[in-house]
Amino acid sequence: MSKARGVLVLSSLVLALAGCTSAHQTVDVGSGIYDLTVTGDADACSPLRMTGAMGVVGVVSIDDVLNLSVPDLGAEASMRVSLSRSTGFHDERTEALPACTDANLDRSYTVVSADGTHFSVTYTETWRGLASCGSAMRSVMPAAPSADCRADLVLDYRLDTECLAPCEIQLTGSGASCSC
């Protein structure tokens with residue numbers, strides 16, 4: 001093999017590995033109690049999606065899987081979402097809405113930045129088919145928008161208390177704590 005061809009093959013291999021590394025990023029997030037703040041990027045919903053300080057939440061990071069608490073409009077407690085390295089720390093889900101024949105709520109979550117004490121997740125809600133909803137759905141989900149819409153939000157998590165093994169994160173209706 002010529003020297004020039006060898007350099008070309010090595011360069012191609014390095015570029016291919018670099019592309020693979022970026023597609024399967026690592027996230028520097030530890031288990032612990034985090035302060036969660038939600039900000040709006042773009043919100044076409046009425047009423048607007050809830051933003052601001054959400055209080056403390058538990059985050060568990062184990063073996064390239066990030067388990068986090070996220071706000072849930074349909075419940076008073078937070079919802080759990082698992083994001084794994086194998087999916088680029090991204091998840092999408094579609095939920096049927098109660099008391100609606102053809103309505104759905106599409107949600108997507110993607111970790112966009114992380115360091116040892118803070119990470120951010122883009123969160124998108126897309127509400128579809130709300131015209132099929134009656135007043136019964138409003139009683140179950142009073143914060144649901146009045147018409148189809150999309151909201152792009154950012155969930156910012158700031159480390160409050162690290163919770164290292166063998167300690168465990170205890171989730172309660174009012175937040176989270178680290179118990180050893």
Side-chain angles (χ1 to χ4, degrees), residues 17-43 45 47-98 104-127 140-144 150-180:
L17 289 175
C20 184
T21 300
S22 65
H24 297 287
Q25 67 185 4
T26 59
V27 171
D28 183 17
V29 173
S31 295
I33 310 303
Y34 286 76
D35 285 312
L36 173 60
T37 302
V38 178
T39 57
D41 248 2
D43 190 345
C45 296
L48 296 173
R49 305 298 79 208
M50 187 169 45
T51 59
M54 300 291 151
V56 295
V57 296
V59 173
V60 178
S61 181
I62 301 174
D63 298 329
D64 291 331
V65 176
L66 185 59
N67 297 291
L68 48 123
S69 296
V70 298
D72 183 12
L73 278 175
E76 291 189 20
S78 295
M79 182 171 65
R80 302 295 293 169
V81 173
S82 293
L83 306 174
S84 72
R85 186 173 94 101
S86 65
T87 61
F89 296 99
H90 174 80
D91 184 43
E92 293 181 13
R93 52 184 69 187
T94 298
E95 301 168 33
L97 297 178
N104 292 308
L105 170 56
D106 299 325
R107 302 178 193 232
S108 72
Y109 306 87
T110 305
V111 174
V112 291
S113 67
D115 62 31
T117 61
H118 168 259
F119 68 99
S120 294
V121 175
T122 57
Y123 168 56
T124 300
E125 287 184 357
T126 305
W127 298 79
V140 175
M141 296 181 81
R150 176 182 163 139
D152 296 313
L153 306 169
V154 177
L155 311 176
D156 283 309
Y157 295 81
R158 294 215 176 269
L159 183 62
D160 180 71
T161 306
E162 194 170 27
C163 193
L164 301 173
C167 300
E168 295 181 349
I169 296 174
Q170 304 292 317
L171 301 176
T172 65
S174 61
S177 64
C178 185
S179 175
C180 296

Would you say [X]'s side chain and [Y]'s backbone share a donor-acceptor pair under 3.5 angstrom?
{"X": "S61", "Y": "V29", "value": "yes"}
{"X": "D43", "Y": "R49", "value": "yes"}
{"X": "H90", "Y": "V111", "value": "no"}
{"X": "R85", "Y": "L66", "value": "no"}

### Message
Just verifying a value: how many Å separate F89 CZ and T110 OG1, rounded to the nearest 0.5 Å?
### Response
11.5 Å
### Task
Apply disulfide (SG to SG under 2.5 Å) to C180 and C167, showing your working.
CA-CA 4 Å; C180 296; C167 300; 1.8 Å; yes
#### Entry: Pair R107, T124: side-chain N/O donor-acceptor within cut-off below 3.5 Å
no
### Query
Should D152 and T122 count as side-chain neighbours, where that means a heavy-atom distance under 4.5 Å?
no
### Query
Is the closest side-chain heavy-atom distance between Y34 and L159 below 4.5 Å?
yes
### Message
I'd like to know whether CD of Q170 has more than 12 heavy-atom contacts from other residues, nucleotides or ligands below 6.0 angstrom.
### Response
yes
### Task
Heavy atoms only: give me the nearest L68-V59 pair and the separation to one decimal.
CB-CG2, 4.2 Å
### Query
Between A176 and I169, what is the shortest heavy-atom contact and its length?
CB-CG2, 4.2 Å
### Task
Over 60° means perpendicular and under 30° means parallel, so classify the ring planes of Y157 and F119, tilted if in between.
parallel
### Query
Are D156 and R158 within salt-bridge range, i.e. N to O under 4.0 Å?
no
### Query
Of the options V154, V121, L155, V70, which is the one that meets V38 in a side chain to side chain contact (heavy atoms under 4.5 Å, CB included)?
L155
#### Entry: Stepwise side chain to side chain contact (heavy atoms under 4.5 Å, CB included) test for R80 and V60
CA-CA 10 Å; R80 302 295 293 169; V60 178; 4.2 Å; yes
